[in-house]
Asker: 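Let me begin by handing over the structure; questions about it come next.
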Amino acid sequence: MQWSEPTRIDEQWAWADRGECQDVPDLFYNAEDEPKGLRRRKESAAKELCERCPVLAECRTHAMVNRELYGVWGGLTEGERHRLAGRLRTG
Ligand code: SF4
């Protein structure tokens with residue numbers, strides 16, 4: 001088998017392979033009907049993993065630049081990213 005050159009998309013997502021969340025993706029997303037208590041516990045556990053993640057900065061930048069709508073990215077919940085984006089827009 002011969003390897004081909006990486007595509008631009010592969011390169012853009014290369015950081016994600018080093019994320020602490022690789023083995024527990026369900027922890028980072030919530031179902032719409034998930035109880036609030038469970039949602040908060042999952043978000044808290046996900047954010048703890050993010051704190052020790054070697055690609056936190058890349059992940060957070062990706063989420064903010066690409067306006068990821070769902071889940072915990074770069075140690076920020078959906079609501080936290082939304083509020084941060086609002087503050088950045090208003091200066
Ligand atoms: S910062 Fe959090 S969401 Fe991003 S790759 Fe790391 S563990 Fe996953």
Side-chain angles (χ1 to χ4, degrees):
M1 184 169 153
Q2 191 172 15
W3 294 100
S4 59
E5 288 294 315
T7 64
R8 268 181 69 82
I9 289 175
D10 289 336
E11 291 168 4
Q12 286 173 354
W13 284 96
W15 58 267
D17 291 339
R18 295 186 289 128
E20 289 286 333
C21 54
Q22 290 300 297
D23 297 329
V24 286
D26 291 350
L27 187 61
F28 285 74
Y29 294 95
N30 297 296
E32 255 181 57
D33 58 349
E34 217 158 57
K36 283 185 181 171
L38 176 58
R39 181 186 188 98
R40 276 194 293 270
R41 287 194 298 278
K42 284 175 64 181
E43 286 177 344
S44 178
K47 289 172 72 165
E48 280 182 31
L49 274 183
C50 292
E51 282 177 24
R52 61 174 186 258
C53 182
V55 292
L56 186 148
E58 292 93 330
C59 180
R60 183 175 293 181
T61 299
H62 164 86
M64 294 302 294
V65 168
N66 294 288
R67 299 181 182 182
E68 292 288 354
L69 293 177
Y70 305 108
V72 172
W73 289 76
L76 299 174
T77 64
E78 298 160 12
E80 290 168 338
R81 290 196 306 279
H82 184 76
R83 287 189 290 280
L84 179 58
R87 284 202 302 271
L88 294 173
R89 272 195 299 275
T90 58

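This one's a predicted model, so the numbers in the text were calculated from it and none came from an experiment. Heavy-atom basis, side chains included; hydrogens, waters and symmetry copies ignored.
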Asker: Would you name the heavy atoms of Gly75 and Cys50 that are closest together and state the gap between them?
Answerer: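 Closest pair (atom of Gly75, atom of Cys50, distance): N-SG, 3.3 Å.
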Asker: Quick one: hydrophobic cluster around Tyr70, which other residues, with the 4.5 Å side-chain cut-off, linked directly or via members?
Answerer: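 Members other than Tyr70 - counting any ILVMFWY side chain reachable under 4.5 Å - are Ile9, Trp13, Trp15, Val24, Leu27, Phe28, Tyr29, Leu49, Val55, Leu69, Val72, Trp73.
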Asker: How many angstroms lie between CZ in Arg60 and CZ in Arg81, if you round to the nearest 0.5 Å?
Answerer: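 CZ of Arg81 is found 10.0 Å from CZ of Arg60.
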Asker: Got a sec: does the CG of Asp23 have more than 12 other heavy atoms crowding it under 6.0 Å?
Answerer: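 Incorrect, the count does not exceed 12.
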Asker: What distance do Asn30 atom CG and Arg40 atom CZ have between them, rounded to the nearest 0.5 Å?
Answerer: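 Reported value, rounded in 0.5 Å steps: 11.0 Å.
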Asker: NE2 of His62 to CD of Glu58: how many Å apart, nearest 0.5 Å?
Answerer: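 Spacing of NE2 (His62) from CD (Glu58) equals 12.0 Å.
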Asker: When you check the gap from the basic side-chain N to the acidic O, do Lys47 and Glu43 get nearer than 4.0 Å?
Answerer: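 Salt bridge flag = no for Glu43 with Lys47.
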Asker: Rounded to the nearest 0.5 Å, what's the gap from CZ on Arg87 to NE2 on His82? Could you check?
Answerer: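 Answer rounded to 0.5 Å: 11.5 Å.
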Asker: Verify, without hydrogens or angle tests, whether Thr61 (side chain) and Ala57 (backbone) share a donor-acceptor contact under 3.5 angstrom.
Answerer: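 Judged by distance alone, yes, a pair lies under 3.5 Å.
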Asker: Identify the two heavy atoms, one from Arg18 and one from Cys53, that lie closest to each other, and give their separation to 0.1 Å.
Answerer: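 So the two residues come closest at O-SG, 4.4 Å.
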Asker: Show your reasoning for whether salt bridge (charged side-chain N to carboxylate O under 4.0 Å, His left out) applies to Glu78 and Arg39.
Answerer: CA-CA 12 Å; Glu78 298 160 12; Arg39 181 186 188 98; 3.1 Å; yes
